[in-house]
Each structure stands twice: as C-alpha cells, then as structure tokens.
Peer 1: 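Below you'll find the structure I mean.
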Amino acid sequence: MPASNFDGVKRNGQHFTPQALAEFLAKRAADHLPRGRSLRIMDPACGDGELLLAANSVLSAEGWKVEELVGCELDPEAAAQAEARMSDIAQRQVHVGDFLELAEDASAYGLFDLVITNPPYVRTQVLGAELSGALAARFGLKGRVDLTHPFVTLSARLLNSSGTLALLCSNRFLSTKAGDNVRRVLDSDFTVREIYDLGDTKLFKAAVLPAVVVANKKMEDAGTTESVRFTRAYESPTLSAGREKSSVLESLTSSASEVVSVAGKTYEIEVGSLVRGASGGPWGLQTEQSAQWLNEVEKGTWKTFGEVAKTRVGIKTTADAVFIRDDWGKLPLAMQPEAEILLPLVTHENVRSWRVSNESETRVLYPYNLEKEKREVLQMDAFPLAMAYLLEHEERLRGRKYVIEGGRQWFEIWVPQRPALWKQPKIVFPDISEEARFALDTSGSVVNGDCYWISLSDLPSEDIGFLMLAVGNSKLGLRFYDTVCGNKLYSGRRRWITQYVNRLPLPNPTSPAAVRVIGLARELSETPRGTEAAERLQREIESALEEAFFTESDHSPSDQLCPDIVIPSQAVAQETLF
C-alpha cells in the first residue's frame with residue numbers, strides 16, 4: 001500500500017489525519033458498532049484515505065467484514081492518492097467533488113454503518129458572508145458557521161438506524177457559541193457515547209486543537225440519556241512527571257484521571273462525564289469532585305461578574321500599523337500628531353496581575369471627543385499634524401470599505417468603544433494568557449482589542465471592583481474558570497472568553513471575610529509586584545476568599561454597602577472571541 005506523500009496539510013482548511021490518531025478513532029468506533037453484520041464505511045472528506053484505511057484495518061482485525069469503503073474528496077490530487085492507497089481493496093469508491101453538493105441526494109450513496117471523518121475546519125471569515133449565509137439557511141444553522149456543522153448534519157442522514165459517527169474536529173465546538181450548531185445536531189440526531197478533548201497534545205498538525213466524538217444515530221424510541229464518558233488531555237508543565245508513556249493516546253482510555261510523561265513533557269489526563277450547559281450552553285467535563293466543589297461555590301455566591309458588570313472588548317482599529325505605534329516621536333515633525341490626540345494604550349503586553357505596567361511607549365491615534373459618552377469625531381482641522389499623518393495613509397485607510405459603508409469617515413477607528421469611560425478606573429484583562437491577569441488601570445489609557453475591560457463606574461460600588469480583582473486573580477477563580485470552561489490553547493495558555501469570565505462568582509461583599517478581601521485587594525493593588533509583602537497579601541486573600549465562599553453562611557447583601565444596586569438585564573457582554 002503506497003504511503004501518502006503529502007506534507008500533512010490539506011487544501012481548504014483540512015489537515016491529513018496521522019495514522020496513530022486515525023487508528024484511535026477507528027478503535028473507539030468499534031466499541032459502538034453492531035456485531036454480526038458487514039459494514040459499509042464512509043468518509044465524506046477522505047483526503048489521502050487514512051481514516052478509511054485505518055477503519056478497514058482495525059475493524060477487519062477485530063472480526064468485522066468490511067463490505068465497502070466510500071470516500072469523497074474535493075481535491076483531485078488527494079482523491080487520486082486515496083484511490084492509489086486503497087488499490088488492493090476491491091470494494092471501494094472515491095468520489096471527486098464537494099461532499100456538500102454530492103450528498104444533496106443521500107440515496108446516491110445508500111446508507112452506512114460507520115461515518116468516520118475529519119471534516120475541513122473553515123470558519124465564517126474564510127468562507128465569506130454569502131457562502132456562510134447559504135450554508136446556514138440550508139442546514140438550519142445559527143450564528144457563525146464553519147464547515148464542521150453541515151458535515152455533521154449530513155452524516156446523520158447517511159447513517160442507517162444503528163450507524164455510528166466517529167468524528168475528529170476542532171474542540172471549539174464544545175465551548176463557543178458558534179459550536180452550538182454542532183452541539184444541537186449531536187443532541188437531536190445522535191446518542192453521544194464518548195468525547196475526547198485532545199487539547200495541546202499536538203497529536204494533530206493543525207491550527208485548531210482537536211477533539212474526538214463517537215456517537216450512535218439516535219433511535220426513535222431512545223430512552224433516558226446515559227452518562228457520556230469525557231476525557232481531556234492538556235500539557236501541564238507545573239505538575240510533577242507521571243508514568244512514562246510512549247504516546248498520550250495510551251492513556252486516553254484509562255478508567256481514572258492520571259498524570260503521564262511523554263517524550264519529556266507532562267500531560268494531565270482528566271476522566272469524567274459530559275455535562276451539558278443549559279439552553280444551548282457549552283459542554284464540559286465534570287467529575288464527582290468538581291461537581292461537589294462547584295455546588296459549594298454556588299452556595300457561597302452572592303452575584304457573578306456578569307450580573308454586576310458589563311465586559312467590553314478593547315478598540316479595533318483594523319489598521320493597527322497606522323493607528324498604533326511606539327515611535328511617534330521618530331516621525332518627521334510635519335507628521336507627528338498632536339500630543340492630545342495620542343493616548344496611552346493598554347495591550348496584553350503590559351497587563352499584569354493587579355496592576356497595569358506604565359512602562360510602554362505605545363500610543364494610539366484616537367480621533368474622538370473624550371468628553372462624550374458615545375462616539376463623536378473630533379474636528380480634525382484643529383489637529384493639522386495628525387491629519388497630515390492620516391493623509392499619508394489615506395489609500396490604505398480608504399481600503400477599509402466597511403468603515404465608510406458603516407457611516408464612518410475614512411480615518412476613523414472601526415470599534416472606538418466608549419470614549420468618556422477611558423478616563424474612569426477600570427479592570428483590564430488580556431484575551432489570552434497562561435495565568436489570570438486582572439489589573440486595575442487608573443491611568444486613563446485606551447484598551448486595545450487584545451484585552452477586555454470593565455469600567456468601575458458601571459459597578460454598584462468601588463468595593464465590588466476590588467472584590468472582582470481579588471476573585472479574578474485568585475487560585476479559586478482560576479479553578480472555577482478552568483472547571484466551567486475547560487478549554488485551553490497550547491502550552492497551558494487560556495483564552496479568557498467573556499461568557500465564562502462573566503460566570504466568575506462573587507461572595508457576599510458585606511461578610512467579614514469579603515470585607516477583609518476588599519481591604520487586602522486595595523493594599524495589594526498598590527504594592528510592588530514580586531515583593532515579599534505582595535506574596536503575603538496574595539496568600540491572605542486566598543485564605544479570606546476560602547472563608548467567604550465556604551465558611552460564612554449569610555449570602556444576602558447589605559443595603560449599607562450597596563444601597564442602589566441594580567442588576568442590568570443585559571449585563572452579560574456578547575463579545576466572545578471565536
């Protein structure tokens with residue numbers, strides 16, 4: 001059988017599946033296939049045929065008779081490679097073309113016992129508005145769309161009544177709002193059996209982190225939903241080395257959580273059951289221990305971040321090279337914008353736990369009136385130097401047609417946010433960081449689009465802001481976020497998604513322990529980082545938070561501290577990154 005000579009990257013958003021991962025997928029599917037029948041197997045995005053070959057090899061070795069292998073592939077070169085690699089298998093078909101079109105009439109293929117697939121991951125931004133809109137209308141999808149969604153929908157139509165789906169896809173479907181499309185189809189058309197979040201194990205050369213889903217087509221008389229096994233694997237450099245393994249895949253089917261070492265790296269393998277979020281919410285892993293812990297936290301929760309605050313994303317210029325620089329002073333004098341229009345900028349690089357570093361020279365050219373609550377463009381004839389600079393980049397800025405079509409002037413920022421709020425104290429946190437980095441900014445800086453921010457002026461009291469800082473930067477807050485979100489990037493980095501940050505809990509702010517937390521947080525926010533005093537204050541905050549959530553029983557707020565607290569009905573921001 002000739003080996004694939006591709007470099008592992010498939011056109012149109014898909015990457016070829018490594019042999020070991022293909023075999024793992026086939027073995028997991030084998031546990032949920034009916035015995036005593038010949039199998040028809042389909043891969044609707046077969047690439048070089050690796051998944052079909054793995055299914056044929058694994059299932060034949062375990063006693064099944066494979067009747068036919070059928071693949072579809074958009075790339076003619078890859079299809080030819082698949083055909084060549086399966087040349088010694090008599091009953092095979094490789095169709096060249098777009099599966100989404102070829103499968104319009106599912107009866108053309110007949111029904112299958114197994115659909116095993118790694119569909120291309122191409123998101124809305126790449127598909128374009130017209131195609132993504134057409135796919136959404138055709139397959140009943142909502143919000144943002146990627147090609148995984150229609151592939152899963154069509155897979156349900158191609159399976160017979162006892163058929164099995166073995167799916168390799170981006171793990172983003174578990175936690176993002178866009179992933180609700182896949183979650184809805186899996187819930188309505190399938191009985192999910194097993195989920196594996198492969199995290200940053202690098203088992204798969206792709207820009208997205210992978211997950212494996214094994215599911216049976218749902219029977220019409222399906223009864224109560226059984227517990228779904230959920231396994232998650234992420235690199236954990238801070239944990240002590242565990243048992244040595246030749247591959248992470250060896251541990252994914254363990255009956256209990258464990259720490260393993262593979263090629264000098266340490267991975268945490270968590271085993272639990274699937275918990276589905278309410279009303280289309282995210283899916284996550286839950287163990288008996290984590291469920292009990294969350295229940296105890298909930299008992300001690302007064303409000304959540306999202307109930308007391310609005311989380312906003314930073315500015316989006318869509319032309320950072322023009323608007324954002326750290327070398328404004330090196331420009332010709334005739335094009336150095338006036339100082340009052342160049343504002344300090346907070347980016348992920350200068351956000352630290354508790355405080356924002358003021359060492360950055362980065363400034364943003366911000367052509368808006370800072371006295372106005374809503375966007376109001378400055379009279380630029382009062383800023384001739386800034387205008388001369390902008391005119392130097394006019395062609396590029398006018399190329400942002402969506403700015404002009406949105407009723408803006410060609411030199412405006414696409415998302416300027418709330419100008420008058422910049423000068424107010426605010427909590428800032430980066431969209432991606434390894435550890436929690438919730439910082440207080442009192443400098444009046446603008447916040448860049450790689451960060452989120454919460455204005456203290458929106459809060460019922462300043463004390464609540466310091467309580468939020470304490471929770472956000474605590475071990476308790478980090479554990480809570482990881483438990484309810486569970487989605488990391490490479491090397492332990494977290495993406496701080498607002499829908500999960502908004503769920504972070506706050507204890508009763510008038511309880512004695514919480515009052516201590518607030519006082520300690522105020523002190524720590526003014527204490528130099530890395531000092532013995534800062535470390536002592538952090539330890540005291542951790543201890544006081546444990547007491548506030550798990551020891552004190554009175555969780556009703558006092559009118560004395562928050563007399564005018566009003567929880568806005570739309571407090572939870574919808575600015576989740578995808």
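For the single chain, residues carry numbers from 1 onward in sequence order. Predicted, not measured: the structure shown is a model, and the values here were computed from it.
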Peer 1: Okay, side chain of Y389, backbone of V322: is any donor-acceptor separation there less than 3.5 Å?
Peer 2: yes
Peer 1: Can you confirm whether more than 12 heavy atoms, excluding those of E373, are under 6.0 Å from its CD atom?
Peer 2: yes
Peer 1: I'd like to know if the side chain of N171 and the backbone of D197 have a donor-acceptor N/O pair within less than 3.5 Å.
Peer 2: no
Peer 1: Starting at CD1 of I341, measure out to CG of L390 and round the result to the nearest 0.5 Å.
Peer 2: 7.5 Å
Peer 1: To check you understand the geometry: which heavy-atom pair defines the closest contact between L333 and L385, and what is its length?
Peer 2: O-CD2, 3.9 Å
Peer 1: Distance-only, no hydrogens or angles: does the R479 side chain make a donor-acceptor pair with backbone N or O of L476 under 3.5 Å?
Peer 2: no
Peer 1: Salt bridge between E394 and R398, side-chain N to carboxylate O under 4.0 Å?
Peer 2: yes
Peer 1: Are K426 and V346 close enough, and set up right, to give a side chain to side chain contact (heavy atoms under 4.5 Å, CB included), and what steps lead you there?
Peer 2: CA-CA 11 Å; K426 51 188 173 290; V346 174; 5.6 Å; no
Peer 1: Taking the side chain from R363 and the backbone from A339, do they hold a donor-acceptor pair closer than 3.5 Å?
Peer 2: no
Peer 1: Restricting to non-hydrogen atoms, name the atom on A215 and the atom on V192 that form the minimum distance, rounded to 0.1 Å.
Peer 2: CB-CA, 3.8 Å
Peer 1: Under 3.5 Å, side chain of K310 to main-chain N/O of S455, donor-acceptor pair present?
Peer 2: no
Peer 1: For the OH atom of Y452 and the OG1 atom of T498, what is their distance to the nearest 0.5 Å?
Peer 2: 5.0 Å
Peer 1: To the nearest 0.5 Å, what is the distance between CG on L467 and CG on L545?
Peer 2: 7.0 Å
Peer 1: Output yes when a side-chain donor or acceptor of R437 lies under 3.5 Å from a complementary backbone atom of H348, and no otherwise.
Peer 2: yes
Peer 1: Let me see the working for I497 and Y481 under side chain to side chain contact (heavy atoms under 4.5 Å, CB included), right down to the final yes or no.
Peer 2: CA-CA 10 Å; I497 302 175; Y481 185 86; 4.0 Å; yes
Peer 1: Heavy-atom distance under 4.5 Å between the side chains of P507 and V471, does that happen here?
Peer 2: yes
Peer 1: With rounding to the nearest 0.5 angstrom, report the CG to CG distance, L342 to L365.
Peer 2: 5.5 Å
Peer 1: Do any N or O atoms from the side chain of S290 and from the backbone of Q286 form a donor-acceptor pair under 3.5 angstrom?
Peer 2: no
Peer 1: So L209 and L198, side chain to side chain contact (heavy atoms under 4.5 Å, CB included) or not? Walk me through it.
Peer 2: CA-CA 7 Å; L209 305 186; L198 304 180; over 6 Å; no
Peer 1: So D458 and R312, salt bridge (charged side-chain N to carboxylate O under 4.0 Å, His left out) or not? Walk me through it.
Peer 2: CA-CA 11 Å; D458 288 341; R312 299 177 173 92; 2.8 Å; yes
Peer 1: Does the side chain of L370 reach to within under 4.5 Å of the side chain of L343, using non-hydrogen atoms?
Peer 2: yes
Peer 1: Could you check whether any side-chain N or O of T304 sits under 3.5 Å from a backbone N or O of N502, counting only pairs where one atom can act as donor and the other as acceptor?
Peer 2: yes
Peer 1: Heavy-atom distance under 4.5 Å between the side chains of P367 and I413, does that happen here?
Peer 2: yes
Peer 1: Can the ring centroids of F230 and W283 be said to lie less than 6.0 angstrom from one another?
Peer 2: no
Peer 1: Of the non-hydrogen atoms in F305 and P505, which two are nearest, and what is the gap between them?
Peer 2: CE1-O, 4.3 Å
Peer 1: Using ring pair (Phe, Tyr, Trp, His ring centres under 6.0 Å) as the criterion, point out the one residue from F438, Y500, W453, W496 that pairs with F429.
Peer 2: F438
Peer 1: Are there over 12 heavy-atom neighbours, none belonging to E392, within less than 6.0 Å of that residue's CD?
Peer 2: no
Peer 1: Report yes if the side chains of L456 and Q424 come closer than 4.5 Å at any heavy-atom pair, otherwise no.
Peer 2: no
Peer 1: After noting the C-alpha distance and the side-chain angles of D189 and V152, does the key distance pass the side chain to side chain contact (heavy atoms under 4.5 Å, CB included) rule?
Peer 2: CA-CA 10 Å; D189 295 351; V152 174; over 6 Å; no
Peer 1: Are the side chain of R494 and the backbone of E434 linked by a donor-acceptor contact shorter than 3.5 Å?
Peer 2: yes
Peer 1: Is the shortest side-chain N to carboxylate O distance from E462 to R522 below 4.0 Å?
Peer 2: yes
Peer 1: Which value, rounded to the nearest 0.5 Å, describes the distance between F480 atom CZ and C485 atom SG?
Peer 2: 11.0 Å
Peer 1: Can you tell me how the ring of Y402 sits relative to the ring of W414, calling it parallel under 30°, perpendicular over 60° and tilted otherwise?
Peer 2: perpendicular
Peer 1: Enter the distance from N448:CG to N350:CG here, rounded to the nearest 0.5 Å.
Peer 2: 9.5 Å
Peer 1: Return the minimal non-hydrogen interatomic distance between C451 and V351, and the atom names on each side.
Peer 2: SG-CG2, 4.1 Å
Peer 1: Show the nearest heavy-atom pair for residues L174 and R183, with the distance to one decimal.
Peer 2: O-NH1, 3.5 Å
Peer 1: Any side-chain heavy atom of F190 within less than 4.5 Å of one from V185?
Peer 2: yes
Peer 1: Does D482 pair with R232 as a salt bridge, N-O distance under 4.0 Å?
Peer 2: no
Peer 1: Would you indicate whether the side-chain heavy atoms of I315 and Y368 approach each other to under 4.5 Å?
Peer 2: no
Peer 1: Do Y366 and P416 come close enough that some side-chain heavy atom pair is under 4.5 Å?
Peer 2: yes
Peer 1: Considering only heavy atoms from C-beta outward, does the side chain of L186 approach that of L165 to under 4.5 Å?
Peer 2: yes
Peer 1: Minimum heavy-atom separation for E412 and V403, please, with both atom names.
Peer 2: O-CG1, 4.4 Å
Peer 1: Is it the case that the side chain of E73 and the backbone of D48 share a donor-acceptor pair, with hydrogens and angles ignored and the cut-off at 3.5 Å?
Peer 2: no
